[in-house]
Amino acid sequence: MRAPRRRCRPAAYRWCARSGAVRPAAGDAASRSLVAHLTEREDMTGPEGITKSEDDGADHLYRVRHSFAHVMAEAVLELFPDAKLAIGPPIADGFYYDFDLPRPLTPDDLEDVERRMRRIAAGDHRFVRSVIDREDAVQRFADQPYKLELIDNLAQDDEISLFTQDTFTDLCRGPHVGSTRQLNPAAFKLTGSAGAYWRGDERRPMLQRIYGTAWDSEEELAAHLERLAEIERRDHRRVGRELDLFSIQEQVGPGLIFWHPKGARLRSIIEEFWKQRHYAGGYELVNTPHVGREWLWQTSGHLDFYAGNMFPPMELDNSRYYLKPMNCPFHIMIYKSAIRSYRDLPLRWAELGTVYRFERSGTLHGALRVRGLTQDDAHLFCTPDQVEDEIDEVLRFSLSLWHTYGFTDLVAYLATRPEKSVGDDASWERATASLRRAIEAHGLPYEMDEGGGAFYGPKIDLHLRDPLGRLWQMTTIQFDFNLPERFDMWFADRDGSQQRPFMVHRALHGSFERFLGVLIEHYGGAFPMWLAPVQAVVIPVNPKAFPYAGKVAARLGEHGFRADADLSDNRMNAKIRTAQGQKVPYMIVVGAREEESDTLSLRTRDGTQTQGLEFAACVELFRRQVDERS
RNA sequence: GCCAGAAUAGCUCAGUUGGCAGAGCGGUUCACUCGUAAUGAACAGGUCAGGGGUUCGAAUCCCCUUUCUGGCUCCA
């Protein structure tokens, strides 16, 4: 199964959060009219223009950020008079501007630019809009090749407008604030620089992009920086190391994850839950090899359409074997191992299938973008008239899983035919329409991802929004009217004729590596009771209580809980501190008092304590939390 | 893959203009009868990512490689 494209790059959940605002679900038409509306209002705003009206908070920030981008360009031009300017849009939380500069930017340059911006923003420079005709524009930007290209791409009847503030004039559609007086010089910050291809095309020049964030007040800026710090604290790479969940080892290879005992415990809990739900949901589990002969990948089309993402072949016994990048051909081979009747369909086969894909080195990112991943993959084989129900059911199944993990904010993307693809247009359209009906039936908000489908069919991707507002691409449901054809799959229909089955690929978590990484960040390592690798640590108040602490941990183990006793020679306070740092849900403190009365003192992660709790009551409390998955 | 930055003890990091490799945490050992977020001491632990070069001398300067970080691009 092919991975969904774009939107949530591995390396870039933050980018996703940003881009969310740049490409609003409202679509282009809506944002265009919004722009028109704002431009109109801009004209009514005098030089002393109002800072903000009650009803345009979001639009106001959009203008502030857009204006800061221009201020930044002015500052960069002061520093590099020969800089070539590309584009400088506002994005969620801030802005950026792309420059073609004579030398790489250093951190000192950024500080310099920031100082200059502060000076400019502290002044009172009006943003003045003017309209010029095409010839004047071409002349004006004669030494700005990127601007010329932008002008060239404007439709013949588009108005060409400029915005000028202070010494700087830019080709720009607007809107902007009335004056730099409306920019708070203390409420912005440059957040970094990075390379970026002109127009996002790797065949075109690499520009230098400077990112910044901008707000109305210092408090809002501080709150935003605090949010970034929280994201940093929750980073799955950091938490994964601190809680000893997983590692990546340079000597072994990049993009390959080692799950340590606690991480593997978490993974195993989720696998068990996953298996149980699949059996209950009418699936059968299958297991298939990790390599297959060239024939398989030739037949499937992977060598024609996906070879760039596959590990190179291994030669043995005069055959070429390939490590599998997807599970589907193997599941098809199981289908073809017997003659199937319409009475057998639908068949729903799931596998936790570990696949290997060659991902470019620059894209690898912790557990979220790796080269070896385990997909919670399944393939549905059905008759043509069953397919809509099947897709509908898969969506329902997926949504129920996400709700269990506490993700409720979901956005769907409907991906259509890519350039490199197989099949006739009519089939693509029919399949796309049925996916759309399924999304609509579940009332999910969705966006189109034009050309983002797999080579063998259109697909639905589900993205999750976590508590920090970041989007994650996880579930994918893909229609396939190609592989059944290529493998000449058929079933015996009611009338005895041979009919082609329909096929749907789906992965709900996506990959376990990514899913666990997201889950780690979602909970910041403070897992709910049912997922916590260690659910309770028993802490003796002094060495005398060691034997009893061991006994309590063992008794909890007998009741099916994951409990450790901390019998190190640290003081009790140190043990509490350690358990707290490990984000263990419960600390159980025991001493002579507890031993005499068969009770315990329960301390939760948030520091609240219950003394004198009876052992049986503790077991009941734990059990309820595990059962409720809370 | 591309642009930029980085790599020093298990972890987090210091190391000045090139001149004997450091701290805290963690680990080991010892002592301590300790009630809800760090008891004290001693000891062990490093081919300064790897390779090459410049130099009397390189963690420090230069080159190559590997890996990581932030982006670009591509995908779960």
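Convention: sequence-line order gives letters A, B, ...; per-chain numbering from 1.
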Would you kindly compare A:Gln611 and A:Glu202 by the position of their nearest RNA chain B nucleotide and give the one closer to the 5′ end? A:Gln611
Is it true that a side-chain atom of A:Lys324 and a backbone atom of A:Pro289 form a donor plus acceptor pair closer than 3.5 Å? yes
I'd like the P distance from B:G24 over to B:A41, given in whole Å. 10 Å
What integer distance in Å separates A:Asp235:CG from B:C68:P? 14 Å
Provide the distance between the two P atoms, one in B:C3 and one in B:C63, to the nearest whole Å. 14 Å
Go through A:Ser400 and A:Arg277 one step at a time and tell me if the side chain to side chain donor-acceptor pair (under 3.5 Å) criterion holds. CA-CA 10 Å; A:Ser400 80; A:Arg277 291 291 287 266; 2.8 Å; yes
Base contacts versus sugar-phosphate-only contacts with protein, heavy atoms under 4.0 Å: please encode nucleotides 5-15 of chain B as B, S and - from 5' to 3'. ------SS---
Between B:C62 and B:A23, how many Å separate the two P atoms, rounded to a whole number? 29 Å
Do NZ/NE/NH1/NH2 and the carboxylate oxygens of A:Arg233 and A:Glu230 come within less than 4.0 Å? yes
Looking only at N and O atoms, is any donor in the side chain of A:Glu594 or the base of B:G35 less than 3.5 Å from an acceptor on the other one? yes
Nearest-angstrom distance, P atom, B:C64 to B:G46: 31 Å
Taking only the C1' atom of each, what is the distance from B:C43 to B:U47 in whole angstrom? 23 Å
Check this for me: does the side-chain of A:Arg603 come within 3.5 Å of the base of B:A37 through a donor and an acceptor? yes
Expressed as a whole number of angstroms, how long is the span from A:Tyr586:OH to B:U36:C1'? 16 Å
Once you round it to whole Å, what is the distance between P of B:C32 and CG of A:Asp569? 12 Å
Provide, to the nearest angstrom, the distance between the CZ atom belonging to A:Phe99 and the P atom belonging to B:C72. 16 Å
Donor-acceptor pair under 3.5 Å, A:Tyr197 side chain vs B:G71 base: no
According to the Watson-Crick and G-U wobble definitions, with both distances under 3.5 Å, which nucleotide is paired to B:A6? B:U67
Using the P atom as the reference point in each nucleotide, state the distance between B:G71 and B:A21 in Å, no decimals. 38 Å
Calculate the interatomic distance between A:Gln251 atom CD and B:U65 atom P; express it in whole Å. 20 Å
On a whole-Å scale, what distance lies between the P atoms belonging to B:C48 and B:C61? 15 Å
Side-chain ion pair, A:Arg103 and A:Asp109, N-O less than 4.0 Å: yes
Give the rounded distance in Å between these two atoms: CD of A:Gln582 and C1' of B:C25. 13 Å
Please state how far atom CG in A:Asp244 lies from atom P in B:G27, giving the value in whole angstrom units. 13 Å
Value in whole Å for how far the P atom of B:C3 lies from CG of A:Asp100: 14 Å
Is the A:Tyr405 to A:His522 ring centre distance short of 6.0 Å? no
What integer number of Å spans the C1' atoms of B:A37 and B:A14? 27 Å
